[in-house]
2 protein chains.
Amino acid sequence: MARAGLTTAKVTAVAAGMADEAGLDKVTVSALARRLGVKDASLYSHVKNLRDLRVRIGLLGSEEMTDRIGAAVAGRAGKDALVAFADAYRSYALDHPGRYAATQMRFEPEEVAGSVGFRRSVELTYGMLRAYDLAEPDLTDAGRLLRSTFHGYIHLELGGGFNHSRDVGESWARTLDALHQVLENWPSRHDGSK
Amino acid sequence: MARAGLTTAKVTAVAAGMADEAGLDKVTVSALARRLGVKDASLYSHVKNLRDLRVRIGLLGSEEMTDRIGAAVAGRAGKDALVAFADAYRSYALDHPGRYAATQMRFEPEEVAGSVGFRRSVELTYGMLRAYDLAEPDLTDAGRLLRSTFHGYIHLELGGGFNHSRDVGESWARTLDALHQVLENWPSRHDGSK
DNA sequence: CCTCTTTCCTAGGGTCTCTAGGTAAGAAGC
DNA sequence: GCTTCTTACCTAGAGACCCTAGGAAAGAGG
């Protein structure tokens with residue numbers, strides 16, 4: 001009988017599409033096999049197991065996402081870079097919710113070992129923060145604040161956690177204003193006056 | 001044969017304990033039945049289906065969490081209230097990761113209709129923000145920023161997303177300093193100077 | 001003591017993950 | 001053009017899980 005000619009990369013790409021359309025939890029081996037016109041057992045020659053499949057979606061997503069962010073921040077600094085970074089981050093997550101969800105899995109060290117996406121993500125964040133002239137440990141704290149806020153905002157937005165009384169994009173813009181301001185005036189230790 | 005004497009509340013409580021120990025995704029009808037010493041089909045008289053079970057864990061979590069936050073912010077205002085709110089939020093999530101995860105599900109309107117937890121959560125947030133003297137739509141934007149940052153931080157912390165080079169509690173304290181500062185000097189529209 | 005409610009049961013169908021072992025398609029070497 | 005080797009794909013089947021239908025018995029209320 002005619003072969004489909006699948007490879008691990010093709011399988012992952014189709015799975016990523018399914019994740020974006022139906023949600024990451026709807027990406028199952030059997031549903032994927034159904035879409036590919038193949039028996040589910042056949043996929044186990046391309047992918048170790050279900051977790052492996054989802055991890056691959058996450059690694060793919062992290063690489064695509066850092067590509068987009070890298071292109072957006074190129075040649076920018078300060079607030080320009082912050083906004084470019086944040087908008088690229090958010091637009092990728094909204095364009096590819098399933099892939100984005102997969103990037104937020106709890107990865108084992110060996111799973112991310114060979115991947116460039118996550119390493120680049122750290123580099124890009126620190127590069128963007130360079131203009132704000134922070135030293136450690138403030139740099140780490142500021143990076144954690146940014147990651148938390150970006151991820152939390154997108155997670156709530158994708159999860160329908162915001163009501164519709166206020167434009168979500170407007171709120172996002174004001175959030176970035178706020179983050180920029182706090183990065184410029186980072187509160188040093190014992191500065192926390194009431 | 002002797003009955004276990006289960007009720008929907010008891011079943012939910014045990015399921016919540018399982019969620020905290022093993023993760024929300026490990027809460028299954030059959031695993032729960034196993035722990036309760038009962039056949040899985042028996043649980044369907046107490047709970048509609050698996051989703052219903054997890055929703056109940058989420059509603060329980062949101063009530064417990066708002067109780068804790070409410071007690072923490074009572075009689076406080078300004079930065080005191082912000083820190084009390086945030087610390088109560090974080091401590092609950094770290095103490096009960098499974099219940100917390102369940103509060104972050106995508107709920108249908110009818111699922112949260114009869115619950116007090118989520119309504120109280122909104123009230124508590126706006127009450128805490130009162131001292132910062134913001135008007136709409138800044139109030140909504142600030143509320144979204146706080147929820148995003150709190151949730152994002154806890155999500156990353158629980159997911160092991162922070163490396164161990166810097167104390168997580170210290171970073172959290174600085175994050176709260178930063179949020180307090182930005183709430184006190186909320187950037188009004190067209191204030192976003194570079 | 002009888003009746004009604006409700007907790008729990010058995011039986012069974014359907015979906016899904018994953019393994020073991022086999023077949024054939026297509027590429028590589030002669 | 002034939003053999004050989006790799007590998008994409010298969011069938012068969014075990015085990016876990018979700019959920020429904022219908023029945024039995026425990027315990028509460030009359």
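The structure presented is a predicted model; accordingly, all values stated were derived computationally and were not measured. Sequence lines set the chain letters: A, B, ... in the order given, protein chains first and strands last, and positions in each chain run from 1.
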Query raised in the report: Can A/His151 and A/Tyr89 be said to form a ring pair (Phe, Tyr, Trp, His ring centres under 6.0 Å), step by step?
Result: CA-CA 9 Å; A/His151 169 61; A/Tyr89 186 107; 7.9 Å; no
Report summary line: The nucleotide from D/dC9, C/dC18, C/dC9 with an atom nearest the side chain of A/Asp40 is C/dC18
Report task. Without swapping roles, check the side chain of A/Gln181 against the backbone of B/Asn185 for a donor-acceptor pair under 3.5 Å. Result -> yes
Query raised in the report: Of the candidate nucleotides D/dT11, D/dC19, C/dC9, which contains the atom at the shortest distance from the side chain of B/Val38?
Result: C/dC9
Report task. Whole angstrom is fine here: how far is it from CG in B/Leu50 over to P in D/dA16? Result -> 18 Å
Query raised in the report: CZ of A/Arg130: more than 12 outside heavy atoms within 6.0 angstrom?
Result: no
Query raised in the report: Looking at B/Arg174 and B/Asp177, does any basic side-chain N land under 4.0 Å from a carboxylate oxygen?
Result: yes
Query raised in the report: Between C/dA20, C/dC8, C/dT10, which nucleotide has the shortest distance from any of its atoms to the side chain of A/Ala41?
Result: C/dA20
Query raised in the report: Which part of the nucleic acid, if any, lies within reach of B/Arg34 when heavy atoms closer than 4.0 Å are counted: base, sugar-phosphate only, or nothing?
Result: sugar-phosphate
Report summary line: Between the CG atom in B/Leu32 and the NZ atom in B/Lys26, the distance rounded to the nearest 0.5 Å is 15.0 Å
Query raised in the report: Atom CZ of B/Arg51 to atom C1' of D/dC17: distance rounded to whole Å?
Result: 18 Å
Query raised in the report: Step by step, would you call B/Asp87 with B/Trp172 a side-chain hydrogen bond (donor to acceptor under 3.5 Å, both in side chains)?
Result: CA-CA 9 Å; B/Asp87 284 346; B/Trp172 176 252; 2.9 Å; yes
Query raised in the report: Under 3.5 Å, is there a donor-acceptor pair linking the side chains of B/Arg68 and B/Ser91?
Result: yes
Query raised in the report: Listed in order of residue number, which residues of residues 15-32 of chain A have a non-hydrogen atom at under 4.0 Å from DNA chain D?
Result: none
Requested in this report: Would you mind reading off the distance between B/Leu43 atom CG and C/dC9 atom P, rounded to a whole angstrom?
Outcome: 9 Å
Query raised in the report: Rounded to whole angstrom units, what separation is found between the NZ atom of B/Lys39 and the P atom of C/dA11?
Result: 10 Å
Query raised in the report: Whole Å only: how far is the CG atom of B/Asp52 from the C1' atom of D/dC18?
Result: 14 Å
Report summary line: From the candidates C/dC8, D/dT20, D/dC10, the one with an atom nearest any side-chain atom of A/Ser42 is D/dC10
Query raised in the report: A/Tyr44 has an atom OH; how far is it from atom P of D/dC10, in whole Å?
Result: 14 Å
Report summary line: Out of C/dT7, D/dT11, C/dC9, minimum distance to the side chain of B/His46 belongs to C/dT7
